[in-house]
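Notes for the one structure printed next.
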Amino acid sequence: MMKLLGLPMLASEHGKHVDDFILYVHWLMGVLFVGWLAYFLYALFRFRASKNPRASYAGAQTHASTYLEAAVTAIEGVLLIGLSIPLWAKFADKFPSPGEATNIRVVAEQFAWNGVYPGADGEFGRQDFHLVSGTNEFGWDYTDPKVKDNFKGNLNEIIVPEGKPVIATISSKDVIHSFKINPMRVTQDAIPGMAIPIWFKPITNGTFIINCAQLCGNSHFFMKGFFRVVPQADYDKFIAEKSRTAAASAGGFE
């Protein structure tokens, strides 16, 4: 059924719940489509002009339609209250602890994605927008020791480890963008002046496309990035190498 719906491959732990919800909604819409189409055809046949030359002004004398509408409303309520809201609440409120997760920042700009990492110590240092300059695009406060190993990855490339929750804080430098990775079943608007955290757990390594799901300018179509999920050992090596380079470069700001 998932293949019939044309859903992309599944690469996150919570994605199954999203797919199940989509499947249930499609089943409901399918039943309603068949049911109402059958009723429409029945009405055309039952009340055809040849058998009903005079219109009846009494109307329906039963409450069948009321019961049907109540049943449909009840099913929709189950989908919303029993599935959709709990799923949203789980991933909006019940974040994993930072120590158990991979913490990254995703900064959108026209028309690219920036992945920012806390370095080997796993902590981001202080930032101040007054410090933003041509050589300090994120406004790092280099008097904070925690800043020394913070670094930005390659443009349009974000790397995370497989099998570990990822907490990604989404923001934007300029206009509203939208961070979307279909196989991860995640979408979050990147809004200027706001830092919005989301979390998910990649369960499959590989490279996945990052799309911008919000019209953000004349090159919106060109705004594509790559989300790479790698084994933990490869991620640790990546962080260690980049942290050393960042710490060496940070010496020039002291």
Side-chain angles (χ1 to χ4, degrees), residues 1-96 106 165-168 170 176-191 194 196-204 208-216 220-221 227:
M1 186 65 181
M2 296 303 181
K3 291 183 178 179
L4 184 62
L5 293 178
L7 295 175
M9 71 169 289
L10 182 60
S12 68
E13 187 176 69
H14 80 279
K16 181 181 183 304
H17 302 295
V18 176
D19 289 355
D20 287 345
F21 181 70
I22 293 173
L23 179 62
Y24 297 149
V25 170
H26 276 79
W27 275 117
L28 174 61
M29 293 299 104
V31 170
L32 291 177
F33 174 77
V34 172
W36 285 119
L37 180 61
Y39 177 75
F40 175 69
L41 295 176
Y42 166 77
L44 288 179
F45 174 78
R46 171 66 177 78
F47 302 106
R48 63 192 186 277
S50 61
K51 292 294 183 180
N52 299 271
R54 292 174 64 90
S56 171
Y57 298 98
Q61 300 299 306
T62 71
H63 295 287
S65 62
T66 302
Y67 300 144
L68 285 173
E69 290 293 343
V72 171
T73 301
I75 294 172
E76 292 176 343
V78 169
L79 290 176
L80 179 63
I81 300 172
L83 293 175
S84 180
I85 292 177
L87 179 62
W88 176 85
K90 178 180 178 181
F91 287 93
D93 294 332
K94 299 178 181 178
F95 274 64
V106 178
V166 174
I167 299 177
I170 315 298
I176 296 177
H177 301 275
S178 188
F179 179 74
K180 184 179 185 69
I181 308 174
N182 285 320
M184 296 294 165
R185 307 298 193 267
V186 294
T187 304
Q188 174 58 57
D189 282 355
I191 302 174
M194 297 182 67
I196 305 172
I198 60 172
W199 79 275
F200 53 96
K201 183 178 179 179
I203 57 173
T204 302
F208 309 99
I209 300 297
I210 304 171
N211 294 305
C212 180
Q214 186 72 257
L215 183 60
C216 58
H220 163 71
F221 70 94
F227 191 83

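Numbering starts at 1 and runs along the sequence shown.
- In this structure, Ile210 CD1 and Ser178 OG are separated by 12.0 Å, a value rounded to the nearest 0.5 Å.
- Between Tyr42 and Tyr39, the ring-plane angle classifies as tilted under the 30° and 60° cut-offs.
- Atom OH of Tyr24 has 12 or fewer heavy atoms from other residues, nucleotides or ligands within 6.0 Å.
- Ring pair Phe227/Phe179 is perpendicular by interplanar angle, where above 60° counts as perpendicular and below 30° as parallel.
- The closest side-chain heavy-atom distance from Ser12 to His14 is below 4.5 Å.
- Atoms NE2 and CD1, from His17 and Ile22 in turn, are 13.0 Å apart once rounded to the nearest 0.5 Å.
- Taking CD1 of Ile203 as the start and CE of Met184 as the end, the distance is 8.5 Å to the nearest 0.5 Å.
- Here the closest non-hydrogen pair linking Gly15 and Arg185 is CA-CG, 3.6 Å.
- The minimum heavy-atom distance between Phe95 and Pro197, with the atom names listed, is CZ-O, 3.5 Å.
- The shortest side-chain heavy-atom distance between Ile198 and Ile170 falls under the 4.5 Å cut-off.
- Of all heavy-atom pairs spanning Phe208 and Met9, the tightest one is CE2-SD, 3.8 Å.
- Nearest heavy-atom pair across His177 and Gln214 is C-CB, 3.8 Å.
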Show every donor-acceptor pair shorter than 3.5 Å between a side-chain atom in residues 69-79 and any protein atom, with sequence neighbours excluded, or say none if there are none.
unit_1 : atom_1 : unit_2 : atom_2 : d
Thr73  : OG1    : Glu69  : O      : 2.8

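- In this structure, Gln188 and Val106 have side chains that are not in contact, with every pair of non-hydrogen atoms separated by 4.5 Å or more.
- Rounded to the nearest 0.5 angstrom, Ile196 CD1 and Ile191 CD1 are separated by 4.0 Å.
- The distance from atom CE of Met29 to atom CG of Leu32, rounded to the nearest 0.5 Å, is 5.0 Å.
- Partners of Glu13 by salt bridge (charged side-chain N to carboxylate O under 4.0 Å, His left out), not counting sequence neighbours, listed by chain and number: Lys201.
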